[in-house]
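Just below is one structure, and these are the notes that go with it.
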Amino acid sequence: ITKLNHKKLLDDVYKRSIPNSDRANTWKKPSKRYQQFAPGTKADTSPRIDTYLDTSGSISIEEFSEFMAHNDKFIKFANKKCELNFFHTNLYHVEKYKIGKSIDPNSIRGGGTDLQEAIDKIERTRPDLAIIFTDGYYSPVRQTRLPGQVLFVISEGGTENHPLKMLGKTVKMVR
């Protein structure tokens, strides 16, 4: 993953998610003259990134710290924030995250590994980029076609031959 070009991957997401224009039309801006809503424009938004972190029993504290460091590298090139989702047998913790924000250690739990709820949430919320940090050891889930781009980041001791490798790109972390 040290050879992984975080900026290039996010540039690909930008190209797919942002319209050609730098401005978006709205009807939410009040008219200064008539005091009613009138057409206006606003700057386009950056791509929405959702990060899913595996906190199962097979993930060590060091691996989790590496996951967070690489997540910071990804969102540094985007909009400096994302939504963190922790999962093991279920999706149990969701929070807004900015670069460098500390994570409460009491919010991290262990258990088995099941990605079904994470995949269902990706289908439901449709982020521009979903990054799933895991070791690749989990049971198969219902097959689906996910919207947007999905990037599986596999820890150094994990397997690249995971059950969902056909749903997105898979990269392995190497020191």
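Nothing fancy with the numbering, it's 1 onward along the sequence.
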- prompt: When you measure from the side chain of Asp128 to the backbone N and O of Arg48, does any donor-acceptor pair fall under 3.5 Å?
  reply: yes

Nearest-0.5 Å distance that lies between atom CD1 in Ile61 and atom CD in Glu66: 12.5 Å

- prompt: Among all residues two or more places apart in sequence or in another chain, which pass the side chain to side chain contact (heavy atoms under 4.5 Å, CB included) test with Asn71?
  reply: Thr51, Ile75, Cys82, Leu84, Tyr97, Phe133

field: Which residues share a side chain to side chain contact (heavy atoms under 4.5 Å, CB included) with Ser58, sequence neighbours left out
entry: Ser56, Asp135

- line: d(Ile154 CD1, Thr170 OG1) to nearest 0.5 Å is 5.5 Å

message: Just to verify, what does Glu117 make a salt bridge (Lys or Arg N to Asp or Glu O under 4.0 Å) with, not counting sequence neighbours?
response: none

task: Identify, with sequence neighbours excluded, every residue that meets ring pair (Phe, Tyr, Trp, His ring centres under 6.0 Å) alongside Tyr52.
output: none

task: Determine the interplanar angle of the Phe152 and His162 rings, folded into 0 to 90°, and report it as parallel if under 30°, tilted if 30 to 60°, perpendicular if over 60°.
output: tilted

query: What is the distance from atom CD1 of Ile49 to atom CD of Gln149, rounded to the nearest 0.5 Å?
result: 10.5 Å

message: Using the side chain to side chain contact (heavy atoms under 4.5 Å, CB included) criterion, which residues pair with Gln116? Sequence neighbours excluded.
response: Asp114, Asp120, Val141, Arg142

query: In Å, rounded to the nearest 0.5 Å, how long is the span from CD1 of Ile122 to CG of Asn85?
result: 8.0 Å

task: Indicate yes or no: at least one non-hydrogen side-chain atom of Val153 is less than 4.5 angstrom from one of Leu151.
output: yes

query: Is there side-chain contact between Glu83 and Lys96, with heavy atoms separated by less than 4.5 Å?
result: yes

task: Could you tell me which non-hydrogen atom of Lys121 sits nearest to which non-hydrogen atom of Leu91, and how far apart they are?
output: CD-CD2, 3.6 Å

task: Could you tell me which residues satisfy ring pair (Phe, Tyr, Trp, His ring centres under 6.0 Å) with Tyr137, sequence neighbours excluded, listed by chain and number?
output: none

- request: Inspect the surroundings of NZ in Lys98 and state if more than 12 heavy atoms from other residues, nucleotides or ligands are less than 6.0 Å away.
  value: no

task: Please round to the nearest 0.5 Å and tell me the distance separating atom CG of Leu53 and atom NE2 of His93.
output: 10.0 Å

- request: Give the minimum heavy-atom separation between Pro163 and Gly136, together with the two atoms involved.
  value: CD-O, 4.1 Å

- request: Identify the two heavy atoms, one from Thr113 and one from Phe87, that lie closest to each other, and give their separation to 0.1 Å.
  value: CG2-CE1, 4.2 Å

task: Please lay out, stage by stage, how Phe67 and Thr55 fare under the test side chain to side chain contact (heavy atoms under 4.5 Å, CB included).
output: CA-CA 10 Å; Phe67 288 167; Thr55 62; over 6 Å; no

message: Are Val94 and Ile103 linked, directly or through intermediate hydrophobic residues, by side-chain heavy-atom contacts shorter than 4.5 Å (ILVMFWY only)?
response: no

task: For His70 and Phe74, run ring-ring contact (aromatic ring centres under 6.0 Å, His included): C-alpha distance rounded to whole Å, both residues' side-chain angles, the deciding distance at 0.1 Å, then the answer.
output: CA-CA 6 Å; His70 284 292; Phe74 276 109; 7.7 Å; no

task: Would you mind telling me which of Asp50, Ile119, Ile132 makes a side-chain contact (heavy atoms from CB on, under 4.5 Å) with Val150?
output: Ile132

Least distance between heavy atoms, Ile59 atom then Glu63 atom: CA-OE1, 3.3 Å

